[in-house]
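I have placed the structure first, in the form of structure tokens, so that the comments after it can refer back to it.
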There are 2 protein chains.
Amino acid sequence: MDELQPADRTAVGASVIERLEALIFDRLEPGEILPSEGKLAEALGVSRLTVREANRALEARGLLEIRQGCRPTVAAPNGALVGDFFKIAVRRDPRAVLDLLDVRMALEVHIAALAAKRATTADVADLEMFVEAMRAAVDQPEAFHAADVRFHEKLAAASSNRLLVFLIEALSEPLRESRLRSFAGHQARGRGAEDVIEQHVAILEAVRRRNAKAASAAMRYHLQQTERDLRAMLRGAPLRPQARGRASGET
Amino acid sequence: MDELQPADRTAVGASVIERLEALIFDRLEPGEILPSEGKLAEALGVSRLTVREANRALEARGLLEIRQGCRPTVAAPNGALVGDFFKIAVRRDPRAVLDLLDVRMALEVHIAALAAKRATTADVADLEMFVEAMRAAVDQPEAFHAADVRFHEKLAAASSNRLLVFLIEALSEPLRESRLRSFAGHQARGRGAEDVIEQHVAILEAVRRRNAKAASAAMRYHLQQTERDLRAMLRGAPLRPQARGRASGET
DNA sequence: CACTCTAGCCTGTCTGATATGTTCGTGTTT
DNA sequence: AAACACGAACATATCAGACAGGCTAGAGTG
């Protein structure tokens, strides 16, 4: 009698979402595939439409991946959702970029400390490699920036905390979109690149020595310098409206 | 020729989502309402179903609120999405709770420093009030815990960083679900409550004195103690399976 | 003026049909 | 025999029309 009969024709969707969610968490691993919409509709006693909407909702929550022609596959957790949230916040209020920098400071400083405690020798070797890549790319802003990002991502990974990795990942996207990238390029061109490398070396060496406090301090200094240069550049050339190819055409 | 005509009948949904997104960000404020599904379908030249799915997708991303009978309203940004992400991560791997504690440590330590720099006298007064509430509730675990949470939320607000507020909000939900709440109650019963109050006072006083370093240190100590006690309790009585009313009945 | 109640709007769900993308087995070719 | 091309079966994407149930505001009543 407790089998939920479709007496209420209005809460069916939510019920289907819950049941699919339970199915995904309790019986399936990331990468596995779900039955097709038709099969699920029949099994759950609802229409294909309802299953479809449930699938889309779960996709939006990062639990499923849906492509036309293929059955839905269970998605591995990733920071895309959180990145979306940050992007939305910035889009609603551009000043939120400064808040993003605060968040990054908080996370990276802690990451540096954790990495100093938990990094393996292999991790340290990888970090060193990225610093070398930066040295080799002082004249190539793109490559320099890429190596910079990889260094920070690797450091997050070395903290052995997957959530921190996701969060750093989520932060880098909206920060990059906010013209901080062109800034990084600008930064790399001048002799500032050497300072940036030096700051990364300081972090790396602190991690190698397993000195959490020094790693935190080095990271804090690095981000403070980055933010200071950024603010200086923004004052110098404040938000030049991105010159896209769009001349006119606002539907 | 580049006006997206519905020649492709397969990318219509994504296009509608993008257009609605632009509409929401560029022309509407939180609280305003969108046209009904039917109107939008007609205006965009697609079927009601497509608009409906777009609406649900935007709802899942935290941009809309949809209730039966009412037209969709633009939602204010909130941390629910991020909270969902954390909850999902924990559900996939319960050990992620420890990662959550790391994240909280990172954020709260930074929040304490920012609050020391930015808090107004009114903020400090509010914080003091919550400490008083904790003092008055040493024998009422529920109220004690509530005041504790309010203190931390208020501190985040005093950092003048809305993203940090959302993140703290997002963290508290899954942490509470992870039986940390019963722990807080347990903690409040013993004389540990006095220690906890003392730790909050230390944070409060550091903020009042505008001493960012001291505030950070006090917060770090507080969270370290909390985590230490938590681990001790988990070792003492490891995950007692929640005794619900369910005797038997797994579908 | 306050209260009720209903008509109309809106979302929730179902049915059935067509278009488009994916996969995999089959058959052909080299 | 192996590699490639092709098509049938399957799966999702979208459309159209219909009905059920929730919500709101304005008409009507006391």
Side-chain angles (χ1 to χ4, degrees), chain A residues 3-21 23-24 27-28 30-75 251, chain B residues 3-21 23-24 27-28 30-75 80:
Chain A
E3 287 296 328
L4 21 146
Q5 311 256 358
D8 266 7
R9 206 168 145 189
T10 178
V12 179
S15 157
V16 170
I17 290 180
E18 276 178 31
R19 290 208 258 176
L20 288 183
E21 198 175 319
L23 172 70
I24 290 171
R27 301 220 199 291
L28 298 175
E32 292 193 71
I33 58 180
L34 264 69
S36 69
E37 289 178 359
K39 301 284 180 58
L40 275 178
E42 193 180 0
L44 296 173
V46 297
S47 83
R48 230 194 81 193
L49 171 69
T50 307
V51 172
R52 174 176 179 71
E53 291 204 349
N55 278 347
R56 300 304 289 262
L58 294 172
E59 181 193 31
R61 291 177 52 193
L63 293 177
L64 288 182
E65 278 177 14
I66 298 179
R67 287 178 315 160
Q68 182 173 354
C70 309
R71 285 181 291 177
T73 66
V74 177
T251 302
Chain B
E3 285 298 326
L4 23 145
Q5 310 257 1
D8 267 9
R9 206 167 142 188
T10 177
V12 178
S15 158
V16 169
I17 290 181
E18 276 177 30
R19 289 209 258 176
L20 289 183
E21 200 176 318
L23 172 71
I24 290 171
R27 300 219 199 294
L28 299 175
E32 291 194 72
I33 58 180
L34 265 69
S36 69
E37 289 177 358
K39 300 284 179 59
L40 275 178
E42 193 179 358
L44 295 174
V46 299
S47 82
R48 222 194 92 191
L49 171 68
T50 307
V51 172
R52 176 177 178 70
E53 291 203 348
N55 278 346
R56 301 304 291 260
L58 293 172
E59 180 193 30
R61 289 177 53 195
L63 293 177
L64 288 182
E65 280 178 11
I66 298 178
R67 288 178 314 164
Q68 182 172 357
C70 308
R71 283 181 292 177
T73 67
V74 177

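So you know, we letter chains A, B, ... as the sequences are listed, proteins then strands, and number each from 1.
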Requested in this report: Whole angstrom is fine here: how far is it from CD in Gln68(B) over to P in dT11(C)?
Outcome: 10 Å
Query raised in the report: Is the shortest heavy-atom distance from the side chain of Leu44(A) to the side chain of Thr50(A) under 4.5 Å?
Result: no
Query - Options dC15(D), dA13(D), dG12(C), nucleotide nearest the side-chain atoms of Ile66(B) - result: dG12(C)
Query raised in the report: Where along residues 48-55 of chain B does a heavy atom fall under 4.0 Å from DNA chain C?
Result: Arg48(B), Arg52(B)
Report task. Return the 5'-most residue of the pair Cys70(B), Gly69(A) with respect to DNA chain C, ranking by each residue's nearest nucleotide. Result -> Cys70(B)
Report task. Return the set of residues passing side-chain contact (heavy atoms from CB on, under 4.5 Å) with Arg56(B) (not counting sequence neighbours), or none when no residue passes. Result -> Glu53(A), Arg52(B), Glu59(B), Ile66(B)
**Report entry** Rounded distance (Å) that lies between atom P of dC10(C) and atom CZ of Arg71(B)
**Finding:** 6 Å
Query raised in the report: For DNA chain C, which residues in residues 30-39 of chain B have a heavy atom at a distance below 4.0 Å?
Result: Ser36(B), Glu37(B)
Report summary line: One should read off an interatomic distance between Ile33(B) CD1 and Leu64(B) CG, to the nearest 0.5 angstrom, of 12.0 Å
Report summary line: Quick note, side-chain hydrogen bond (donor to acceptor under 3.5 Å, both in side chains) partners involving residues 62-73 of chain A, not counting sequence neighbours, are Gln68(A)-Thr10(B)
Report summary line: In whole angstroms, the gap separating P of dT11(C) from CG of Leu58(B) amounts to 14 Å
Requested in this report: Would you mind reading off the distance between Glu42(B) atom CD and dC10(C) atom C1', rounded to a whole angstrom?
Outcome: 15 Å
Query raised in the report: Nearest 0.5 Å, what's the CZ-CD1 distance between Arg19(A) and Ile24(A)?
Result: 14.0 Å
Report summary line: Taking every heavy atom of Ala57(A) against every heavy atom of Ala60(B), the minimum-distance pair comes out as O-CB, 4.5 Å
Requested in this report: List in chain and number order the residues that pass side chain to side chain donor-acceptor pair (under 3.5 Å) with Glu32(A), two or more places apart in sequence or in another chain; answer none if no residue qualifies.
Outcome: none
Query raised in the report: Residues in side-chain contact (heavy atoms from CB on, under 4.5 Å) with Ala41(A), at least two apart?
Result: Arg48(A), Val51(A)
